[in-house]
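Accompanying notes for the structure given below.
Just so we're on the same page: letters track the sequence lines, and every chain starts at 1.
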Protein chains: 2
Amino acid sequence: MTEQLSKRARRMVDAGYKVTKARMTVLRVFEESGGHITSKEVLERVAAIDENIGRASIFRTLDLFTRLAIIRPTYIETSMTPSYVLLPDGHHHHIICTNCDQVIEFDNCDLSDLAHQLEAEYGIELTGHLLEFYGICKTCAV
Amino acid sequence: MTEQLSKRARRMVDAGYKVTKARMTVLRVFEESGGHITSKEVLERVAAIDENIGRASIFRTLDLFTRLAIIRPTYIETSMTPSYVLLPDGHHHHIICTNCDQVIEFDNCDLSDLAHQLEAEYGIELTGHLLEFYGICKTCAV
DNA sequence: CCACAAATGATACAAAGTATCAGTTGCGGG
DNA sequence: CCCGCAACTGATACTTTGTATCATTTGTGG
């Protein structure tokens, strides 16, 4: 099988994990969905593609991807299912309307100064970050 | 009853909600815990104080406090129960070691410039934000 | 192509969160 | 001070989300 692997799939292989149908399907669901997606939605979409893929494997894969920093769970609504975000390559920030849950994306964050300062202060090596702003969007403000 | 209400309790009253034993107990648990706390821990600690307080009321209160921006659900570990953070007054940020899950807190973020810029650009009114850095801590880097 | 560890799907289970509803309680008005 | 009512509660039963287990299958290095 000489199929071309996406960068993310490669990251998984490099970390010593096997390329399986379950994992590729979950990855595909994320890449096609583009944005935020709850575990429930992942379950549904994976089932739509291949209903033989087990529930447990999907959760295992979500866990794996989280550990590999391929996705990151985040919170948008209240106390409920997490929403997973595909981490593109370092940057991915949101402005979330707390009224209608619309998500606006932006990437011109300017955190490198702060990041360096924190690295120095705490002796830590930073590899990524998540920045979310909450507010009321134009439409809801009316 | 002329008991002094905390600022947060007052915010609740001002929004038209009643001061009840269940709510005050949950608030007290948060204020005494100081930091991150999962719903499970809230359940346990509330039960330790007053075991007559019902499960459902606690979840209702978590929901209410989230809507009132008294607390904010956040994600620290992998795909699991959210961890609630008492919002002190606007700021509360984390550096999370992706290896050992240690959490370092800091609050000298300097996002007001960026926030203003985004407000202008997207015509949105921002009310809060969440900033998390991920990396490898000193201890794990060895 | 073989062998074996890694991963899977099925099943059954545990935990987290929610709907419902009759009973209780905080609180504003008299 | 107490009355009345809407808001809130606790109990129960339920749905949903996530996990442990285990026999079977599959990817991959040799």
Legend entry - Spacing of Phe59(A) atom CZ relative to dC13(C) atom C1', expressed in whole Å: 14 Å

Inset, instruction - Determine, for nucleotides 20-30 of chain D in 5'-to-3' order, which nucleotides have protein heavy atoms under 4.0 Å from the base (write B), from only the sugar-phosphate (write S), or from neither (write -). - result: BB-----BS--

Inset, instruction - Please report, rounded to the nearest Å, how far the P atom of dT18(C) is from the CG atom of Asp63(B). - result: 6 Å

Inset, instruction - Check whether any side-chain nitrogen or oxygen of Arg23(A) sits under 4.0 Å from OP1 or OP2 of dA7(C), and answer yes or no. - result: yes

Legend entry - Flag side-chain contact, heavy atom, 4.5 Å: Arg23(A) against Tyr17(A): yes

N/O contacts under 3.5 Å, protein versus nucleotides 22-24 of chain C?
none

Legend entry - Rounded interatomic separation in angstrom, taking CG from Leu62(B) and P from dA16(C): 13 Å

Legend entry - Sidechain-backbone polar pair: Arg8(A) side chain, Leu27(A) backbone, donor-acceptor under 3.5 Å: no

Inset, instruction - May I ask you to verify if any side-chain N or O of Ser39(B) is less than 4.0 angstrom from the OP1 or OP2 atom of dG17(C)? - result: yes

Legend entry - Glu32(B) (side chain) donor-acceptor with Val29(B) (main chain) under 3.5 angstrom: no

Legend entry - side chain to side chain donor-acceptor pair (under 3.5 Å) partners of Asp113(A), counting only residues at least two apart: none

Inset, instruction - Of all the heavy-atom pairs spanning Ala115(A) and Leu126(A), show the shortest one and how long it is. - result: O-CD1, 3.7 Å

Legend entry - Phe59(A) side chain near Thr61(A) side chain, heavy-atom distance below 4.5 Å: no

Legend entry - Length of the line joining Met24(B):CE and dA7(D):C1', which is rounded to integer Å: 14 Å

Inset, instruction - Decide whether Thr25(A) and Arg28(A) meet the rule of one side-chain donor and one side-chain acceptor closer than 3.5 Å. - result: no

Inset, instruction - Output every pair passing side-chain hydrogen bond (donor to acceptor under 3.5 Å, both in side chains) with a member in residues 42-56 of chain A, not counting sequence neighbours, ordered by first then second residue. - result: Lys21(A)-Asp50(A)

Inset, instruction - Kindly say whether, by distance alone, the side chain of Arg55(A) makes a donor-acceptor pair under 3.5 Å with the base of dG18(D)? - result: yes

Legend entry - Heavy-atom side-chain proximity of Met24(A) to Met12(A) below 4.5 angstrom: yes

Inset, instruction - Round to the nearest Å and state the distance from Ile58(A) atom CD1 to dG18(D) atom P. - result: 12 Å

Legend entry - Glu125(B) atom CD: more than 12 heavy-atom contacts under 6.0 Å: no

Inset, instruction - Please state how far atom CD in Glu44(B) lies from atom C1' in dG17(C), giving the value in whole angstrom units. - result: 16 Å

Legend entry - Rounded distance (Å) that lies between atom P of dT19(D) and atom NZ of Lys40(B): 12 Å

Inset, instruction - List in chain and number order the residues that pass side chain to side chain donor-acceptor pair (under 3.5 Å) with Thr20(B), two or more places apart in sequence or in another chain; answer none if no residue qualifies. - result: none

Inset, instruction - Take the protein atom CG of Leu43(B) and the nucleotide atom C1' of dA14(C), then report the distance between them rounded to whole Å. - result: 15 Å

Inset, instruction - Note the angle between the end axes of the helix from dC1(C)-dG30(D) to dG30(C)-dC1(D), five pairs defining each, rounded to 10 degrees. - result: 50°

